Amino acid sequence: MTLEEIHGQQPMPAGHDWMQGAGTALHELLVSALRRGCLTAGVYESAKLMNVDPDNVAFCVLAADQEDEGDIALQIHFTLIQAFCCENDIDIVRVNDVAKLAAIVGPSEDSGEPRDLHCILITNPNEEGWKDPALEKLNLFCEERRNVNDWVPTITLPE
């Protein structure tokens with residue numbers, strides 16, 4: 001008997017394209033947010049923003065490569081950020097490829113230095129009525145994953 005059967009949930013079909021669609025939507029959202037200036041990168045920068053203006057945060061991405069999995073300090077930061085996001089109804093996903101994120105987001109505009117991409121926040125822009133279809137897709141994806149008790153789903157970015 002599987003966990004899904006115990007809880008009366010249907011398991012996700014093996015060939016389901018939700019994950020692929022979510023990866024594409026995340027890529028689109030990151031590009032759009034970067035263009036609009038609605039992207040905050042870095043664990044400390046994100047923590048400061050969430051502390052000052054949590055209502056302005058629309059989405060959170062946590063990223064770690066395999067070598068980061070052993071970094072206890074980073075995992076503690078992730079746990080605190082996840083708790084904050086859950087408490088403030090902010091959808092959150094994980095990505096296991098920091099290099100793909102770096103290719104999308106690029107270096108810091110100010111210094112040209114590589115960004116800390118372990119945590120990325122998408123904030124609401126000042127523009128009235130801005131609705132990003134990619135953000136809406138990701139919100140639906142996160143809601144679906146929560147329905148099967150996957151509170152922080154992992155997304156694979158497209159090649």
Side-chain angles (χ1 to χ4, degrees), residues 12-13 15-66 68-69 74-75 77-148 150-159:
M12 193 70 77
H16 202 276
D17 62 349
W18 265 96
M19 294 292 183
Q20 185 178 14
T24 302
L26 180 58
H27 183 274
E28 292 169 5
L29 179 63
L30 291 170
V31 169
S32 175
L34 188 60
R35 240 189 342 254
R36 294 181 185 276
C38 303
L39 187 139
T40 300
V43 172
Y44 296 108
E45 293 82 359
S46 298
K48 284 191 275 186
L49 177 66
M50 285 192 279
N51 189 39
V52 173
D53 192 10
D55 293 334
N56 196 34
V57 178
F59 199 78
C60 179
V61 178
L62 297 178
D65 288 327
Q66 273 188 320
D68 294 326
E69 295 298 325
L74 183 62
Q75 297 308 316
H77 287 295
F78 281 3
T79 301
L80 294 171
I81 291 168
Q82 288 173 18
F84 185 88
C85 289
C86 289
E87 186 175 302
N88 289 281
D89 296 322
I90 299 168
D91 285 327
I92 183 170
V93 296
R94 289 193 70 141
V95 173
N96 290 331
D97 196 337
V98 178
K100 283 184 185 177
L101 277 177
I104 296 167
V105 176
S108 173
E109 295 169 359
D110 300 333
S111 65
E113 295 289 318
R115 298 179 196 233
D116 170 15
L117 298 176
H118 291 107
C119 182
I120 297 175
L121 297 181
I122 308 299
T123 56
N124 293 315
N126 295 331
E127 304 168 20
E128 290 292 323
W130 178 72
K131 297 215 190 282
D132 192 312
L135 179 59
E136 292 176 19
K137 286 178 191 174
L138 285 167
N139 289 334
L140 285 172
F141 171 78
C142 287
E143 184 178 334
E144 288 288 323
R145 297 309 302 159
R146 280 192 300 273
N147 287 337
V148 293
D150 186 5
W151 295 94
V152 184
T154 301
I155 291 179
T156 303
L157 291 168
E159 295 298 324

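Because the structure is a prediction, the values reported are computed rather than measured. Starting from 1, each residue takes its place in the sequence as its number.
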Check residues 84-99 and write down every donor-acceptor pair under 3.5 Å in which the side-chain atom is one partner and the other belongs to a residue at least two apart or another chain.
from, atom 1, to, atom 2, distance (Å)
N88, ND2, F84, O, 2.9
D91, OD1, R146, NH1, 2.7
D91, OD1, R146, NH2, 3.4
D97, OD1, A99, N, 3.2
D97, OD1, K100, N, 3.2

Polar side-chain atom of D53 near backbone of L49 as donor-acceptor pair, under 3.5 Å:
no

One should read off an interatomic distance between I120 CD1 and L29 CG, to the nearest 0.5 angstrom, of 10.0 Å

Next item on the list: Count the heavy atoms belonging to other residues, nucleotides or ligands that lie under 6.0 Å from CD of E69, then report whether that count exceeds 12.
Entry: yes

Taken in chain and number order and not counting sequence neighbours, the residues that satisfy side-chain contact (heavy atoms from CB on, under 4.5 Å) with L80 are I76

For H77, the ring pair (Phe, Tyr, Trp, His ring centres under 6.0 Å) test, sequence neighbours excluded, returns Y44

Interatomic distance, CG@L39 vs CD1@I104, rounded to 0.5 Å, equals 10.5 Å

Value for CG (L121) from CD (E45), rounded to nearest 0.5 Å, stands at 10.0 Å

Check your understanding: So do the side chains of T24 and E28 get within less than 4.5 Å of each other, counting heavy atoms only?
Key -> yes

Review point. Within a strict 4.5 Å, meaning less than it, do heavy atoms of the I122 and D132 side chains meet?
Key: no

**Prompt:** So do L34 and L30 actually touch side chain to side chain, heavy atoms under 4.5 Å?
**Reply:** no

Q: Compare all side-chain heavy atoms of I155 with those of F141 and state whether any distance is below 4.5 angstrom.
A: yes

d(L117 CG, L62 CG) to nearest 0.5 Å is 12.0 Å

So CE of M50 and OG of S46: to nearest 0.5 Å the spacing works out to 5.5 Å

Check: Can V43 and I81 be said to form a side-chain contact (heavy atoms from CB on, under 4.5 Å), step by step?
Finding: CA-CA 9 Å; V43 172; I81 291 168; 4.3 Å; yes

Note: D68 and Q75 closest approach over all heavy atoms is O-NE2, 3.4 Å

One should read off an interatomic distance between T123 OG1 and D55 CG, to the nearest 0.5 angstrom, of 12.5 Å

Heavy atoms of P158 and G23 approach each other most closely as CD-O, 3.4 Å

* Taking the side chain from R115 and the backbone from A102, do they hold a donor-acceptor pair closer than 3.5 Å? -> no

Correct closest heavy-atom pair for K137 and A25 would be CB-CB, 4.1 Å

